[in-house]
Amino acid sequence: MKTAVFSPDLEKSVQQMGQRLLACISGQAGATRQVWLDSLISRAIEDKDFRVQTLRFVDVLPTLQSSADLVDHLKEYFDGTELPWPAVTGWGLRHSDAPWAIPIAAPLVRATLRGLSRRFMGGSNINHAMDTIIRLRSKGMQYSLDLLGEAVVSEREADDYQQAYLDLLASLHQSHGNEDSAYRPNVSLKLSSLYSQINPIDPGGSIAVIAARLRPIFTAARDCNACVTLDMEQYDFRHIVMQCFQDVLMEAEFRDWPDAGIAVQAYLRDTPDHLQQLIYWADTRGTPVLVRLVRGAYWDYETVIARQHGWELPVHEHKAQTDAAYESYLSMLFERHRTVTPAVATHNVRSLAVAMALAEQHGLAPDDFEFQMLFGMADDLKQALVELGYRLRVYTPYGETLPGMAYLVRRLLENTSGQTILDTGMAQTKRGEDSLQRPMPHLAVRDRNMDGHFQNLPVYRYTDDSRPHAFQEALGDVHRQLGKDYPLVINNEAASGSGEIRSYNPAQPDELIGSVAAADEALAKQALDAARAAFTNWSQLPVHERATFLRNTATALSRERDHFAAWQVLEAGKHWREADAEVCEAVDFLNYYADQAERLSAETVVELDGEHNSVQYRPRGVGLVIAPWNFPLAILTGMLSATIVCGNTAILKPSSLTPVIAARFMQLLLDAGLPPGVVNFLPGPGDTVAAHLAAHPDIHIIAFTGSREVGTELLGIGAQVTPGQAHIKRVIAEMGGKNAIIIDHDADLDAAIPGVVQSAFGYQGQKCSAASRVIVVGDIHDAVVERLCEATSSLRVGDPQEPGNSIGPVIDAAALERIRSCITRGKQTAHLASMERDDLPGSGHYLSPAVFTDVAPDDPLAQEEIFGPVTAVLRANDFEHALALANNTRYALTGGVYSRQPSHLERARKDFHVGNLYFNRKITGALVSRQPFGGFRLSGIGSKAGGPDYLKQFMDPVCITENTLRRGFAPGVKKGSS
Ligand code: NAD
């Protein structure tokens with residue numbers, strides 16, 4: 001974004017206006033400030049660690065019920081740190097082992113938090129907010145009320161949010177009557193809270209539900225002469241909010257309503273196009289709308305999320321870029337002020353001055369636009385603007401402290417970050433002449449976040465309609481290819497099977513995905529012969545050539561990304577996002593194992609005088625790769641590519657439930673130039689063909705992922721040495737899990753509930769990493785169960801071809817029957833707390849996601865892998881008890897903890913026995929290289945997939961030592977220096 005180029009006259013006017021403002025401020029007595037708050041903020045600006053701990057502590061504080069708990073947290077967060085809070089707090093803490101000290105320290109800390117929330121929030125309920133409004137009015141200021149609430153995780157909560165706004169409008173109407181129109185009701189609203197299932201992939205479906213809840217709010221506002229402005233939140237929702245706003249306001253009932261507004265964020269890099277489009281739309285509509293121009297309050301979030309996912313940064317990297325952009329958007333708005341009423345939401349002196357100058361240039365009356373500022377911030381500037389005769393609206397959030405925490409933390413974050421995107425007016429830094437300097441954007445610098453690390457293929461980000469359209473097209477293409485026949489492939493030749501496997505769409509069981517030839521033992525022998533014959537050449541190729549083959553395959557797969565994902569939707573019943581993530585994972589495996597094979601090919605050398613030692617890895621022979629259906633592409637690709645990149649050849653045995661995806665991947669390998677015999681594609685019944693091959697003396701490696709029953713059987717087979725066999729087989733068996741998430745007493749439930757729902761019910765719970773146990777610590781049990789059940793019943797169940805459905809079918813009729821009988825048995829020993837739905841689609845293998853409570857620790861619900869959308873909630877008295885319950889299983893795959901107590905996380909780090917442990921996030925979705933994946937106990941034997949040790953399992957290490965001393969002469973001996 002370039003600096004807005006203002007004419008010399010306009011720039012002169014900006015400077016003059018700025019001087020007027022500064023003069024006004026300096027004339028003021030100074031806003032009342034709390035000394036402790038100022039010192040807290042300046043300390044947080046100077047000391048990054050203190051800042052982080054303060055924000056974290058403020059975030060957790062409202063959940064801490066007892067004084068002792070509060071003091072424990074305070075000590076853990078600020079151990080040894082002098083607090084800039086009322087001195088007696090520190091004193092109380094230092095003596096917190098004494099019983100009398102806690103009752104003194106804790107209330108003071110709570111009072112401090114109340115002070116903090118009073119600083120930035122207009123009250124905890126509507127009555128307090130009304131008092132705040134009256135005080136603002138007495139100062140000549142207007143308001144916009146924003147009701148702070150918990151994150152909406154269920155449809156009931158979305159209904160409650162809508163109702164709360166209807167009630168708010170009614171109260172405001174009652175208290176305002178028909179008085180002075182300058183002070184009419186004004187509210188701000190977040191659309192994401194009107195639909196718990198808002199989903200960027202499904203803009204159309206999301207907008208339909210949100211619009212249905214928004215219309216009554218608009219109608220009520222219109223009836224009571226109120227204004228409503230839609231807030232802008234995360235980038236992912238921007239297209240939905242913007243479109244919904246425009247769609248509803250174009251409806252006949254609202255088309256001539258002039259009192260609606262929308263926020264536009266200057267920090268987004270693509271704002272120019274969106275603002276243009278908004279202005280064009282408002283022109284077409286014919287009635288002006290208000291545009292609240294903000295800088296944007298989610299900068300840290302947007303930056304972190306984009307970097308984590310490898311997405312392009314949607315926001316300007318530097319504050320100066322945003323400042324410059326802000327000025328150019330102001331220019332656009334004031335130029336088109338008859339179409340869009342500018343609401344200049346800023347605390348930045350120069351931005352205010354620019355708006356004042358532009359207003360004068362375009363001849364706007366004070367009523368033709370307004371300034372907006374946040375409650376509790378830049379009070380001196382607010383007063384100055386009022387004194388200069390401008391209209392000023394104060395954005396006033398109110399609500400309970402607990403739900404208000406996210407807001408409070410955001411405000412503190414803005415106020416304490418040196419790099420903040422806002423100029424908050426709190427830090428007192430920009431109040432002098434230099435505050436009027438034109439923003440000079442830096443050149444963007446390269447994103448350094450992932451330097452030196454393996455780069456995962458980023459999953460798609462859905463921020464407009466184009467991605468969903470592209471994927472719909474891919475689904476259409478795949479539909480046109482359904483029902484085809486696929487052969488076996490032996491020695492790169494297509495071969496007919498002795499039978500066929502017919503694969504059906506689990507969402508529409510009469511839809512044939514394809515028929516794949518099935519092998520018998522005779523064909524298995526042919527495949528084995530081909531693999532054996534190919535071994536010599538393939539194993540002798542330079543590693544680089546095999547790695548290049550993997551990379552070429554990765555490139556080809558990336559090109560076919562949408563199609564492979566579409567096949568997953570249709571054959572495996574995966575949701576779009578899960579399907580895309582799986583293709584990305586498969587690509588990652590190919591690239592990562594190519595890198596790792598090259599790394600391992602470099603010999604490790606230990607050189608001594610007269611002795612040369614080297615360690616190298618050699619391929620073993622023929623590998624049998626047996627894949628499951630639940631990650632029919634990624635796991636298959638991972639095991640197969642690891643086998644062959646190490647120089648082994650392979651027989652690939654896919655699951656009989658998803659053979660078409662495997663057949664198409666086999667074709668991709670052929671197209672990428674696979675030499676004959678290196679991979680032989682051999683679908684067929686596991687218990688005959690695969691079991692027969694597993695026992696064959698010419699198999700060297702069995703790479704298996706699947707159930708514990710089959711895995712342990714294969715381990716038994718692998719341990720046997722049959723006649724003619726001159727090696728011990730290497731069996732890599734990744735098996736099931738009974739994974740638990742602990743929700744600690746101080747957890748953030750707004751994060752924990754969606755995290756549990758995703759972990760337990762993502763892909764219908766058919767992931768080995770799925771959360772099938774939820775262990776809740778302490779008194780929050782009932783609240784967790786209530787919100788979890790509400791959230792579960794809000795999930796949309798249906799065909800995953802529809803992007804708005806988050807729960808699809810389970811894989812087949814047998815799985816459906818098995819899971820149903822687990823639920824039926826579960827009802828006899830525990831309580832089914834979630835709703836059994838009556839809106840399941842008529843055909844397809846669907847069932848209601850189930851949450852059981854009152855589950856005994858040894859109940860099958862808490863012990864057996866069900867592999868479906870069923871989760872068991874267990875109660876724990878305290879964190880130690882929770883950990884004991886979590887470890888009380890034969891499996892050790894994944895686990896998670898939602899907690900904000902550092903010592904509890906530390907405890908879990910040491911003693912939560914799982915292969916992959918996650919804190920304060922979902923427990924599924926491990927990424928290649930970043931989260932190497934795999935468990936122990938009965939969950940598996942083998943080094944982690946996608947990790948640095950994985951490939952070593954497919955090779956034999958060899959150490960070669962040479963005595964280089966001949967007749968007293970050794971090359972390269974270093975001579976002594978003396
Ligand atoms: P499964 O064990 O039924 O089948 C896995 C594969 O083994 C299939 O290809 C199948 O045809 C084959 N097979 C079946 N019987 C066989 C036999 N006697 N000899 C040789 N091969 C045989 O498992 P599934 O239902 O496909 O997958 C679900 C299971 O996989 C769950 O238990 C899940 O937890 C586990 N899983 C584990 C991981 C992990 O990384 N730990 C990942 C995904 C799935």
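In this structure, F589 and Y593 have parallel ring planes: the angle between them is below the 30° cut-off, well short of the 60° mark. Between Y460 and Y462, the angle of the ring planes goes over 60°, which puts this pair in the perpendicular group of the 30/60° scheme. Using a 30° and 60° split on the angle between ring planes, H727 and H700 fall in the parallel class, below 30°.
At most 12 non-hydrogen atoms from other residues, nucleotides or ligands lie less than 6.0 angstrom from CD1 of I728. The neighbour count for K525 NZ, taken as heavy atoms of other residues, nucleotides or ligands under 6.0 Å away, does not exceed 12. Under a cut-off of 6.0 angstrom, the local environment of CD in E312 is sparse, with at most 12 non-hydrogen atoms contributed by other residues, nucleotides or ligands. By the 6.0 Å contact criterion, CG on L528 is enclosed, its count of non-hydrogen atoms from other residues, nucleotides or ligands being greater than 12.
Side-chain contact between V897 and H904 is absent, with no heavy atoms from C-beta onward closer than 4.5 Å. The shortest side-chain heavy-atom distance between V459 and R577 does not fall under the 4.5 Å cut-off. Looking at heavy atoms from C-beta onward, R559 lies in side-chain contact with T555 at the 4.5 angstrom threshold. When side chains are defined from C-beta on, S503 does not count as touching T658, because their heavy atoms never get closer than 4.5 Å. Residues F549 and L541 have side chains not in contact (no heavy-atom distance under 4.5 Å, counting atoms from C-beta outward). In this structure, the side chains of V660 and L570 stay at 4.5 Å or more apart for every pair of heavy atoms. At least one side-chain heavy atom of I651 sits under 4.5 Å from a side-chain heavy atom of L682. Counting heavy atoms from C-beta outward, E734 and M639 have side chains that stay 4.5 Å or more apart.
Distance check: T643 OG1 to I702 CD1 gives 11.5 Å after rounding to the nearest 0.5 Å. Between atom CG of residue L457 and atom CG of residue D580 there is a gap of 8.0 Å, rounded to the nearest 0.5 Å. Note that CG of L715 is 12.0 Å distant from CZ of R708, once rounded to the nearest 0.5 Å. For the atom pair CZ of F761 and OG of S772, the computed distance is 10.5 Å after rounding to the nearest 0.5 Å. Rounded to the nearest 0.5 angstrom, E607 CD and H612 NE2 are separated by 4.5 Å. Rounded to the nearest 0.5 Å, atoms CG (D588) and OG (S929) are 8.5 Å apart.
Checked by atom type and distance alone, the side chain of K729 pairs as donor or acceptor with a backbone atom of A694 at under 3.5 Å. With hydrogens and angles ignored, the 3.5 Å screen pairs a side-chain donor or acceptor of E865 with a backbone N or O of G737. When atom types are taken as modelled, the side chain of E582 and the backbone of Q568 share no donor-acceptor pair closer than 3.5 angstrom. Side-chain N or O atoms of E571 include one that pairs as donor or acceptor with a backbone N or O of I661 at under 3.5 Å. The backbone N or O of R921 sits less than 3.5 Å from a side-chain atom of Y898, completing a donor-acceptor pair. Remark: side-chain polar atoms of Q616 are not paired, donor with acceptor, to backbone N or O of E603 under 3.5 angstrom. At distances below 3.5 Å, not a single donor-acceptor pair connects side-chain atoms of E585 with backbone N or O atoms of A581. A donor-acceptor distance shorter than 3.5 angstrom exists from the side chain of D520 to the backbone of A522, with no hydrogens or angles considered. Counting only distance, with no hydrogens or angles, the side chain of N648 and the backbone of G621 share a donor-acceptor pair below 3.5 Å. At distances below 3.5 Å, not a single donor-acceptor pair connects side-chain atoms of R561 with backbone N or O atoms of V583.
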Self-check item: Audit row: I941, V731, side-chain contact (heavy atoms from CB on, under 4.5 Å) steps and yes/no
Solution: CA-CA 8 Å; I941 171 164; V731 184; 5.8 Å; no

- Run the numbers on Q766 and W629 for side-chain contact (heavy atoms from CB on, under 4.5 Å), then give the verdict. CA-CA 10 Å; Q766 303 173 117; W629 53 265; 3.3 Å; yes

ask   = Is there a side-chain contact (heavy atoms from CB on, under 4.5 Å) between I644 and R546 once you walk through the steps?
value = CA-CA 8 Å; I644 62 172; R546 295 195 297 262; over 6 Å; no

- Query: Under the salt bridge (charged side-chain N to carboxylate O under 4.0 Å, His left out) criterion, do K944 and D949 qualify, and how do the steps go?
  - Reply: CA-CA 7 Å; K944 286 175 171 299; D949 302 329; over 6 Å; no

Exercise for review: Decide side-chain contact (heavy atoms from CB on, under 4.5 Å) for Y891 and M735; before the verdict, give the C-alpha distance in whole Å, the side-chain angles of both, and the deciding distance to 0.1 Å.
Suggested key: CA-CA 9 Å; Y891 295 100; M735 303 179 283; 5.7 Å; no

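With respect to E302 and R461, a salt bridge is recorded, a charged nitrogen being found less than 4.0 Å from a carboxylate O. A salt bridge links R532 to D529: one of the charged nitrogens lies within less than 4.0 Å of a carboxylate oxygen. A salt bridge is defined here as a Lys NZ or Arg NE, NH1 or NH2 lying under 4.0 Å from an Asp or Glu carboxylate O, and R599 with D595 fails to meet this definition. Salt-bridge annotation for D956 and R620: present, with a side-chain N of the basic residue lying under 4.0 Å from a carboxylate O of the acidic one.
For the pair K574 and F631, the cation-pi test (distance below 6.0 Å, angle within 45°) is passed.
The shortest heavy-atom contact between I490 and A527 is CG2-CA, 3.8 Å. Taking every heavy atom of both residues into account, R467 and D562 meet most closely at NH2-OD2, 3.1 Å. In terms of heavy atoms, L893 sits closest to C768 at CD2-O, 3.3 Å. Nearest heavy atom pair, residue A627 against residue L636, reads CB-CB, 3.9 Å. Across all their heavy atoms, N739 and A770 have their closest contact at ND2-O, 2.8 Å. Closest heavy-atom contact between Q764 and G573: NE2-O, 3.3 Å.
There is no side-chain donor-acceptor pair under 3.5 Å between Q667 and R664.
For an aromatic pair to be called close, the ring centres must be under 6.0 Å apart, and F665 with F681 fails this.
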